[in-house]
Colleague: 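Before anything else, here's the structure in question.
Residue numbering restarts at 1 for every chain, and letters A, B, ... go by the order of the sequence lines. Side-chain atoms are counted along with the backbone in the values below, which use heavy atoms only and exclude waters and symmetry mates.
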Amino acid sequence: MGVDKHTLNESVAQMGPARKPLVAILTHPNSDAPRRGNAAVLLLNAGLLHRVGPNRIYVKLARELAAAGFFACRLDFSGIGDSPAREHRIGFEEASCQETLEAIEHLQQTYGVHRFYVLGICSGANAALRAAIKDTRVRGVIAINGVFDPSIPEPQNRELPSHAKASARTRMRYYRKRLLNRNSLWRLLTLKSNYRKILETLYVSLRSRRRQDPSPAASKDAMEPVRDLLQRGVGLLVIFSEGSSGLDLLEATLGTEVDLLVKEQPNLVVEVLEEIDHVFTPLWAQKLLIDKVAHWLETQAGRTI
Amino acid sequence: MEPLFFGQSDTRLFGVFHAPATAPTHNTGVILCPPMGQEWIRCHRAFSLLARQFAQAGFPVLRFDYSSTGDSYGDDENAQLSEWSEDVLTAIEEIQGRTGMERICLVGIRLGGALAIRCSIHRPDIDLLVLWDPVLDGSDYVREILESHDEWFRGSFAQKDRCSDPSSIAEVLGFPLTQNLQEEIEAIELSPGGDVRARRILICWSHDTAHAASPASQFRGRLQAEEIVLEEEIHSGASVWRKKSGEGLNEAWVPRTVLQRIVSWVSTSTR
């Protein structure tokens, strides 16, 4: 997976206003890599983690993509990593979308890039999708473990019932899976499990059943921009790891609509990767993710839209 | 604040230089030596804030990523402790070249503390050391992080490994731990403490068990024998590198009182 350090070309970019720039690391395509028609991949912050990504996965991915001929840009949103905080009158969702477009503009003006792919994990996935909806220069989105809930304007708030319900569902899936595991069952029976956590999960799960899931009409409306994006020909790769509560949230709120779209739109791919946590901790999981993303991007680069 | 690559052209390190907000009066540059692996990821925000606070107090600061970590050159699998020691010296050269500061203060968290101690041996220009839960016994540290790795997987969907190849690299919470790196870390044994040239040292402990443990006692004893001024403080719960229960990606924990204390101590020590 490693890139020869002698061909690696990385530079620091500071984009936007001089007093409050967005800091990014650019990994330039290797000179002997296949040409990709001046395409760049932007990798957006996962939560509050800075631009290296969870477990430095964005660094590994950026270098892999540069070896394949892509320009890679690992960006810090304002107030995250090394980018100074800005005073926004808008929420994080809108600000992160705007800043992604700021980075796209900078790359186009400075390096002549004209095809963009945007990738994000967790909140970064949401930002990636929003940017693609707003800007036709984005030709593809890789949304990993995004948190998609159409019923509220700021889905990052984990205290909301929809998130508590999704988290409880994730834990219930985990416990059901572990009951089939001999070691876990033994721990449960021999007083070695975290009983408090188990009881909390059961309580939240039972209490959150009273919450109404979005109506089919609300879900359909929420998916309209995504449907338009796909009809525009933009490629969309949605990846969930089995351990992500984003998967449960999506199934609860938009599951039916997503199933319909997958059947209708060949440029939408949804994958669930088993036995992997939200941030791809095992090294084998990181490699799997990097290979999947690199392969998908290479096929996307060959498409004309 | 200036993000930059520095060092040799084919082995460039990434760092962020913070110029002092006021005219410097201390003749001391500050270098922040981070921990490794997942601990480093979790410390990033705290380190960034610490650097800004030092700059506000009139110190030039360089925080950086060791080779094969962060944004620096190199793959995770090539990480070597010996190279990290050299990286600290490279960072010292960089800040001295930029600022002309003769004296250096190294601030090291966890393994960064061990590297700070190691680099301060035989270097009279390393005047001050701030060590935050420093690793003083490498074997203990390796045992601790491997146990935390196993513990984490017990509550996770993730399958630890899918490779039955015995020669595959061990890993700790998302990062490889090669045999070479493990052996280098296990060889850390700083209880002798001899030849440390720093004039003053501050050790911040996040819990009193580490403070009372044998490696710390031996290290303390030896420093006192060398007549190095040593101050120690316990800041309970200030282990910013440890995952807290229920924490998500959208939360970052920054122990502001510890950061303020570190800056205050260094300011006082350089007068």
Colleague: Given a strict heavy-atom distance threshold of 4.5 Å, which part of Thr170(A) is in contact with chain B: side chain, backbone, both, or neither?
Modeller: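 Both the backbone and the side chain of Thr170(A) come within 4.5 Å of chain B.
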Colleague: So what's closer than 4.5 Å to chain A heavy atoms on Ser72(B): side chain, backbone, both or neither?
Modeller: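 For Ser72(B), the contact with chain A is made by the backbone alone.
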Colleague: Where on Asp65(B) is there a heavy atom nearer than 4.5 Å to chain A: the side chain, the backbone, both, or neither?
Modeller: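 Contact with chain A involves no heavy atom of Asp65(B) at all.
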Colleague: Out of curiosity, Arg63(A) CZ to Asp75(B) CG, how far, rounded to the nearest 0.5 Å?
Modeller: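 Interatomic distance, Arg63(A) CZ to Asp75(B) CG, rounded to 0.5 Å: 7.0 Å.
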Colleague: Side-chain contact test, heavy atoms from C-beta onward, threshold under 4.5 Å: evaluate it for His44(B) versus Ile80(A) and give yes or no.
Modeller: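 No - every pair of side-chain heavy atoms lies 4.5 Å or more apart.
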Colleague: Relative to chain A, which segment of Arg52(B) carries a heavy atom at a distance below 4.5 Å: side chain, backbone, both, or neither?
Modeller: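 Neither the backbone nor the side chain of Arg52(B) comes within 4.5 Å of chain A.
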Colleague: Let me confirm one number: the CG-CD distance from Leu283(A) to Glu77(B), rounded to the nearest 0.5 Å.
Modeller: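 With rounding to 0.5 Å, CG (Leu283(A)) is 7.0 Å from CD (Glu77(B)).
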Colleague: Please rank Leu4(B), Val16(B), Ile41(B), Thr69(B) by heavy-atom pairs under 4.5 Å with chain A and give me the top one.
Modeller: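 Option with the top pair count is Thr69(B).
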Colleague: Please classify the contact of Arg173(A) with chain B as side chain, backbone, both or neither, using a heavy-atom distance under 4.5 Å.
Modeller: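 The answer is both parts of Arg173(A).
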Colleague: What part of Val59(A) gets closer than 4.5 Å to chain B, counting heavy atoms only: side chain, backbone, both or neither?
Modeller: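 Interface part for Val59(A): side chain.
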Colleague: Is chain B contacted by the side chain of Glu10(A), its backbone, both, or neither, given a heavy-atom distance below 4.5 Å?
Modeller: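 Contact with chain B involves both backbone and side-chain atoms of Glu10(A).
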Colleague: Heavy-atom distances under 4.5 Å only: say whether Ser48(B) touches chain A with side chain, backbone, both or neither.
Modeller: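 Just its side chain gets close to chain A.
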